[in-house]
Amino acid sequence: MSPRRIPSGGRIDRLRTIRFTFDGISYTGHQGDALASALLANGVMLFGRSFKYHRPRGVLTAGVDEPNALVTVLRGDVREPNLPATTVEIYDGLVAVSQNRFPSLAYDVSAVNQLGGKFISAGFYYKTFMGPAIGPLKGTRFWMMCEQIIRRAAGLGRAGHAPDPSRYERMNAFCDVLVVGSGPAGLSAAREAAASGARVILAELDPEFGGSANWSGETIDGEPAATWATDIVGELKEHKNVRLLKRTTVWGYYDGNTIAALERVSDHEASPAKGAPRHRQWTIRAGSVVLAAGAFERPLVFPGNDRPGVMMASAAMRYANQYGVLPGEKIAVLTNNDSAYLAAASLARAGAAIVALIDLRRNVSDACRALAKEAGAELLTGRAVVGTEGGKKLTGVKLAHFDETSGVISGEARAVATDCLIVSGGWSPTIHLASQAGARPVWDAELQAFLPPEPGKGWLGAGAFNGTFSTAEAIVEGFAAGRKAADLPPVKVDMLPQVEPAALDPRPAPVFEIRAKGKAFVDFQHDVTADDVRLAHLEGFVSVEHLKRYTTLGMATDQGKGSNVPGLAIMAEAVGKPIPEVGTTRFRPPFAPVSVGSLAAERFGDLKPERLTPMHDWHVENGATMYSAGLWFRPMIYGDPGETVEQAYVREAGTTRDAAGIVDVSTLGKIAVQGPDAAEFLDRVYTNVFSTLPVGKARYGLMLREDGIAFDDGTTWRLGEEDFLMTTTTANAGKVMQHLEYFLDVVWPDLKVHLTSVTDQWAGAAIGGPKAREILASCVTGTKVDNETLPFMGIVRGEIAGAPVMICRLSFSGEMAFEVYSGAGHGIHVWEALVEAGKPHGMVPYGLEALGTMRIEKGHVTGAEIDGRTTGRDLHLGWMLSKKKPFIGSAMMDREGLTAPERLELVGIVSLDNRPLNGGAHIVMQADPENPHGSLGHITAACFSPALGKYIALALVSAGKSRHGKRAQVSDPLRNRYGPVEIVSHHFFDPEGKRMHG
């Protein structure tokens, strides 16, 4: 029998013994133990060292809010640091080590930091480390020395370098009702919602459903609470419309009732099943959410409150009732509320000796006195703990008289021998998810806690989350929330469930700190003391957010789950304001740490998402060389055997000019702009007019930024009076969408316009060349494509091989061309039909290199020219800048600097030495390899032109238009390329557009 293991009871499987190691020492536990409970059962009290002072620390809590007992778990060469021992389930072969200590946990040389407390108090890392005026550490040398020491001391656990071999998964789920938490309130809500036929997901972060019912020791309607919970879970398992997710932490609440949750699938297994992931990331879209996440018990702030052996009262009760472990043999209790009396009685029944029950309040109820008598404890009211004794474990506490109103300590201190002090400072409802959903916490003066406000859009609360600490009332609240979430009418509950023992008064005395001599900790993990909080006030940090960042209060892995309210209370006292006026920090995701592997999941190894068009497999099968363009994979060339890249794109571009070519344009950004004010919106967004555009026509448009700089270009198609389809460049699709949404939401919220990104909805193929119309006519039905039916920039609808298509006659290549759009699901079908129709005419598929070649020949601009520095006039698009209407950027585009004659303008460049040109090369008047200088501008894009038989380029050159016909030099020092060039118009090929408009 382990030293602290209770002979019977608990919810562990005593017939199954599990062996594990901690810091190299072998221990045993039982199935169902957490690492913390198993080590406590073996008499281990010292779990770790604190962050800054390296003080010895033991277990404080029994859940995800644990700030002290952080360990590193080893699986082979893989290290996972900073795991609360309270949430690590033991398994055969588990290897865990303590952290933040050297050379050992028992003997840590960095504990000497405790002697320098005044020098490393809160905010010391913001100070300037000034060296002496003379000597080896003068000036900044002192700081350079300190920096190295501070950086080595930073952090807690040490990350590993070995690759993680585990698998991770992502899952999407949809439900009518999501219930977060499976305590009595959550189970009641899930049962009622499930009975209505609603699709229900019940998420519980612990390994077992039931929440507090598993350790409260209560009876519900005559049966143990744990049995009651097991029965309800059994009922829920019978429902086909219910999904039960245990070991699942709901960590994020996002817009539209989108919930993020992490399921720990195999962390508790020595050898995961074949194919099983370690973690599974859930994205849940719920109709309604019931938040039944319970509450965290708060510590009290007093000198020595971090000694190993000091523990939360509810945690001690849980270790005894759920794990069958006594946290101590001689236990003292310190409280400012009634709930600790239940813990004292429960521990006494489990076999512990309760040596003292210390209540900060002078007057306590008869029910509390009866529980103190049952526990066999000396009841000491109006007393406080003013210090603790011991080194690496608690050996005793010191008591003194205490006035709960004034906080004054009086009388001689009395020593009480004890090896465990359990503490209760009141309860803080777990309102984190409601805060993430946008709810602002509301201070409750009676409970001395922040509560959620009235239920927000999409969520409801129940149980301790609402500040309801009676199990009977929590069950009824859960019942009502489950009905409401499932859209059922409310039903009056005539009788509360029978719960024994009856709930005591949850209201605590408004006492958070016992001020006496010694370090009193608020945030245990980051070693933030009460004096640190007051120091922040003295240095002028009165904002809650500034307090947090100056002291690092609540910035550790536990995110201040227990320390937040005591810290605010101490700050409020220092400021002289009530707590609600000081406020509270807003909780942000994640609620608890989330593995990066689960967020990446199957995308492991990708630096960014890979997006494939519907025709991707066809491109690969037909010899395309693929490369990443933006987020998309697109064909570069369709090379024949032995061809170079240049030979391939020259052949593809030449064939397109002579006959026809086809290119995949599915990647173009596509945005549906719809609504009564859609045309007006486009007039404000584009530099040219779109409200006059007839239905069934498209128009080329230019957008500017607010500062008058060119932002993006593309065509927009008018499909109906209030229905437009905007296309953008591939790389700028996301940026344009953000740009439009910003102006619609912030600047013009009165416009009735709806934006939808439909890039992935449409597959697109563009066919161009002299034979393009003939090819299209041979395979399209339901419409003609002659010049009268389908003029330049016209739109028609028809079918190709039975699939509905939308066709717009527009060109990026300078040839007669048509863009054919179909639903993404028909994309490959339509593409293959077009390819087959083009075979008799010699049509070839072409990639981005040929596409770029043809656009350079025509002088069309892309992101290389619209680079965030050019204006519409620089790009010779001044004809698109309307003088009849204002638009984004119109107020700024005529600034002196944007209209100066020496600005860089778009020009064409022809190589005169028949050698290739390169993007980024500079244009100068005289090449000087020894001293490159005098840049007139730079090349933006270059190619070999099959139409001209020359190497050509587009460039931005100062006063470029005035230099047409003049000779210059190309200067490219990095690639050692120098030579003569001629500056010409950017329209190299068919400047009148006869081929495009024919």
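- For Phe988, there are no ring-ring contact (aromatic ring centres under 6.0 Å, His included) partners at least two apart in sequence or on another chain.
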* Take Val747 and Tyr742 through the side-chain contact (heavy atoms from CB on, under 4.5 Å) test and state the conclusion after the steps. => CA-CA 7 Å; Val747 182; Tyr742 166 77; 3.9 Å; yes
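- The side-chain hydrogen bond (donor to acceptor under 3.5 Å, both in side chains) check on Ser971 picks up nothing, with sequence neighbours excluded.
- Between the side chain of Arg684 and the backbone N or O of Phe681 there is no donor-acceptor pair closer than 3.5 Å.
- Ring-plane geometry between Tyr821 and Trp717 is classed as parallel, the angle between the planes falling under 30 degrees on a 0 to 90 degree scale with a further cut at 60.
- Closest heavy-atom contact between Val924 and Ser935: CG1-CA, 3.8 Å.
- Rounding to the nearest 0.5 Å gives a distance of 14.5 Å between NE2 of His754 and CG of Asp677.
- Side chains of Asp658 and Thr655: a donor-acceptor N/O pair is absent below 3.5 angstrom, by distance only.
- Atom CG of Asn732 sits about 12.0 Å away from atom CG of Leu668, to the nearest 0.5 Å.
- Under a 4.0 Å N-O distance rule, the pair Asp874/Arg903 qualifies as a salt bridge.
- Of the N and O atoms on the side chains of Glu646 and Tyr951, at least one donor lies less than 3.5 Å from an acceptor on the other residue.
- Under the side-chain hydrogen bond (donor to acceptor under 3.5 Å, both in side chains) criterion, Asp745 pairs with no residue, sequence neighbours left out.
- In this structure Phe633 satisfies the ring-ring contact (aromatic ring centres under 6.0 Å, His included) test with no other residue, sequence neighbours excluded.
- In this structure, Asp664 CG and Tyr846 OH are separated by 11.0 Å, a value rounded to the nearest 0.5 Å.
- Between the side chains of Thr862 and Arg855, at least one donor N or O lies within less than 3.5 Å of an accepting N or O.
- Of all heavy-atom pairs spanning Gly639 and Ala648, the tightest one is CA-CB, 4.2 Å.
- Looking only at atom types and distance, the side chain of Ser666 has no donor-acceptor partner in the side chain of Thr613 under 3.5 Å away.
- Cys779 approaches Leu834 most closely through the heavy-atom pair SG-CD2, 3.6 Å.
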* Between Val907 and Leu954, does a side-chain contact (heavy atoms from CB on, under 4.5 Å) hold up when you go through it step by step? -> CA-CA 6 Å; Val907 298; Leu954 294 178; over 6 Å; no
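- Under the side-chain hydrogen bond (donor to acceptor under 3.5 Å, both in side chains) criterion, Tyr638 pairs with His619, sequence neighbours left out.
- In this structure, the ring of Tyr627 has its center no less than 6.0 angstrom from the ring center of Trp632.
- Considering every non-hydrogen atom in both Gly949 and Phe944, the closest pair reads C-CZ, 3.5 Å.
- Within the 3.5 Å criterion, the main-chain N or O of Ala833 finds no donor-acceptor partner in the side chain of Glu836.
- Closest approach of Gln969 and Met925 over heavy atoms only: CG-O, 3.6 Å.
- In the model, Glu902 has no side-chain atom that pairs as donor or acceptor with a side-chain atom of Ser958 under 3.5 Å.
- The pair Asp894-Arg873 meets the salt-bridge criterion, with a side-chain N (NZ, NE, NH1 or NH2) lying under 4.0 Å from an Asp/Glu carboxylate O.
- Annotation: ring-ring contact (aromatic ring centres under 6.0 Å, His included) contacts of Phe887 (sequence neighbours excluded): none.
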Contacts under 3.5 angstrom, residues 686-696 side chains, donor-acceptor by atom type, not counting sequence neighbours:
unit_1	atom_1	unit_2	atom_2	d
Tyr686	OH	Thr716	OG1	2.8
Thr687	OG1	Leu702	O	3.4
Thr687	OG1	Met880	O	2.9
Asn688	ND2	Tyr700	O	2.7
Ser691	OG	Asp683	OD2	2.7
Thr692	OG1	Arg699	NH1	3.3

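- Sorted by first and then second residue, the salt bridge (Lys or Arg N to Asp or Glu O under 4.0 Å) pairs involving residues 962-984 (not counting sequence neighbours) are Asp913-Arg977, Asp972-Arg975.
- Counted by atom type alone, Asp712 and Thr728 present zero donor-acceptor pairs between their side chains at under 3.5 Å.
- To the nearest 0.5 angstrom, Lys858 atom NZ is 9.5 Å from Arg995 atom CZ.
- Considering only residues two or more places apart in sequence or on other chains, Arg657 meets the salt bridge (charged side-chain N to carboxylate O under 4.0 Å, His left out) condition with Glu815, Glu857.
- With values rounded to the nearest 0.5 angstrom, Leu740 atom CG is found 5.5 Å from Leu755 atom CG.
- Using a distance-only test at 3.5 Å, with no hydrogens or angles considered, no donor-acceptor pair links the side chain of Glu774 to the main chain of Lys771.
- Contact record, Asp990 with Met996: OD2-N, 4.1 Å, taken as the closest heavy-atom pair.
- Applying the salt bridge (Lys or Arg N to Asp or Glu O under 4.0 Å) rule to pairs touching residues 756-766 yields Arg611-Asp760, sequence neighbours excluded.
- By the ring-ring contact (aromatic ring centres under 6.0 Å, His included) test, His987 pairs with no residue at all, sequence neighbours left out.
- Sorted by first and then second residue, the salt bridge (Lys or Arg N to Asp or Glu O under 4.0 Å) pairs with a member in residues 782-801 form an empty list; sequence neighbours excluded.
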